Amino acid sequence: MPELPDVEGFRRVLAAHTGEPITAVDVLDAGVLRGVTARALGDALRGRRFAEPRRHGKWLIAPAGGPVLLLHFGMTGSLTWHDPAEPRHRHDRVVWRLPDGELRYRDMRKLQGVHLDDAEQMLADLGPDALEVSRRDLAELLSHRRGRLKSALTDQTVIAGLGNFLADEICWHARVNPLRTASDLDAAELTALHRALRRVLRDSVEARRVPPRRDWLTGVRDDPGAACPRCGTPLCSRRVSGRRTVWCPVCQPS
DNA sequence: TGAAATGTTATCGC
DNA sequence: TGCGATAACATTTC
């Protein structure tokens with residue numbers, strides 16, 4: 001799940017529960033703790049209050065009056081608010097208990113995890129957040145890339161926040177082939193790509209995910225014999241930089 | 001049973 | 001130095 005829109009949704013979950021004291025931190029699976037022990041995490045946060053959280057790319061940054069909590073959700077993570085009476089899920093790994101409920105960090109695969117106080121280190125190599133990238137920024141960022149457009153868009157050191165689904169969706173909306181060399185796009189293509197990025201991100205943030213709409217690529221890409229929602233042509237698919245990439249050979253000619 | 005899954009990182013080769 | 005491919009991490013699903 002978690003690309004920029006999902007993490008922005010988690011940020012809003014946390015933002016709705018700032019200002020209340022953290023009464024306890026339950027570490028149910030220390031396998032998601034990165035560079036911090038369960039004891040140190042609890043000692044640092046107990047009695048503190050979450051302040052307004054930030055997001056950069058796929059990172060959620062949660063200051064807590066001194067200590068800073070950093071969450072990354074990998075491919076399967078989430079952060080949700082629950083009544084304490086609600087049974088915990090098998091994949092709930094860390095729980096922050098507040099007076100009126102609790103925040104649960106759930107993650108099946110445990111590919112990423114929970115950090116404390118190393119924001120500068122974790123965020124140092126990230127490019128600008130995808131929501132903050134202007135058309136001019138995008139042109140500049142792509143102009144230095146010799147590799148494929150798909151690879152550049154999903155490289156967090158170039159632009160932070162875009163993942164496999166978003167990158168394909170944006171290319172499809174822009175009618176640009178994701179296998180193109182990133183620095184080869186002309187002015188019209190860069191304009192189309194930037195407009196697609198804005199539109200796809202806006203709608204996805206509103207939906208708190210990349211919506212699986214049938215009139216979007218994301219809604220059909222896993223269908224057997226998937227066809228382009230715009231023109232009905234069978235979609236093409238291959239691995240690019242280790243990720244499955246889907247595009248329409250008619251709308252997005254090479 | 002094997003392959004693939006929305007992420008990131010280290011490593012190897014060109 | 002940059003980039004592509006690959007494996008690895010952990011777990012589930014088709």
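Computed from a predicted structure; not experimentally measured. Proteins come first, then strands; the chains are lettered A, B, ... in the order of their sequence lines, and each starts at number 1.
- Taking a 6.0 Å sphere around CZ of R54(A), one finds it holds 12 or fewer heavy atoms contributed by other residues, nucleotides or ligands.
- Taking NE2 of H17(A) as the start and CD1 of I22(A) as the end, the distance is 13.0 Å to the nearest 0.5 Å.
- Considering only residues two or more places apart in sequence or on other chains, S241(A) meets the side chain to side chain contact (heavy atoms under 4.5 Å, CB included) condition with S151(A).
- In terms of position on DNA chain C, the residue among S151(A) and M108(A) whose nearest nucleotide sits closer to the 5' end is S151(A).
- Taking 4.0 Å as the cut-off between side-chain N and carboxylate O, R11(A) and E52(A) count as a salt-bridged pair.
- The phosphate of dA5(B) has OP1 or OP2 within less than 4.0 Å of a side-chain N or O from R244(A).
- Salt bridge absent: E206(A) and R202(A) never bring a charged side-chain N and a carboxylate O closer than 4.0 Å.
- In summary, D118(A) and R34(A) do not engage in a salt bridge, as defined by a charged side-chain N under 4.0 Å from a carboxylate O.
- Applying the 4.0 Å criterion to OP1 and OP2 of dG7(B), one finds that H72(A) has every side-chain N and O outside that range.
- Closest approach to the R145(A) side chain among dT11(C), dG7(B), dC3(C) is made by dC3(C) (side chain taken as heavy atoms from C-beta onward).
- Between dT6(C) and dA3(B), the distance separating the two C1' atoms is 16 Å to the nearest Å.
- Close to dG7(B), at under 4.0 Å from its OP1 or OP2, lies no side-chain N or O of Q156(A).
- Considering only the side chain of S241(A), dG4(C) comes nearest among dG4(C), dT8(B), dT11(C).
- Between R208(A) and the phosphate of dT6(B), there is no side-chain N or O to OP1/OP2 separation shorter than 4.0 Å.
- Across dA4(B), dT11(C), dT6(B), the shortest atom-to-atom separation from the side chain of R109(A) is found for dT11(C).
- Which of dC9(C), dT11(C), dT8(B) sits closest to the side chain of Q112(A) comes down to dT8(B).
- In this structure, of dC9(C), dC3(C), dA5(B), it is dA5(B) that holds the atom nearest to the side chain of M75(A).
- Ring geometry for F73(A) versus Y105(A): interplanar angle of 30 to 60°, hence tilted.
- Taking only side-chain nitrogens and oxygens, H91(A) comes nearer than 4.0 Å to OP1 or OP2 of dT12(C).
- Residue R90(A) is classed as a sugar-phosphate contact, given heavy-atom separations below 4.0 Å to backbone atoms only.
- By the 4.5 Å heavy-atom criterion applied to side chains, M75(A) and N164(A) are not counted as neighbours.
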Structure string for DNA chain B in dot-bracket form, Watson-Crick and G-U at under 3.5 Å, | interchain: .||||.||||||||
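- Nucleotides dG2(B) and dA7(C) are separated by 15 Å at their P atoms, to the nearest Å.
- The side chain of R238(A) approaches dA5(C) more closely than any other nucleotide in the set dT8(B), dA5(C), dC3(C).
- OP1 or OP2 of dC9(C) has not a single side-chain nitrogen or oxygen of K110(A) nearer than 4.0 Å.
- Side-chain atoms of R243(A) and base atoms of dG7(B) include a donor and an acceptor less than 3.5 Å apart.
- H89(A) places its NE2 atom 9 Å from the P atom of dT12(C), with the value rounded to the nearest Å.
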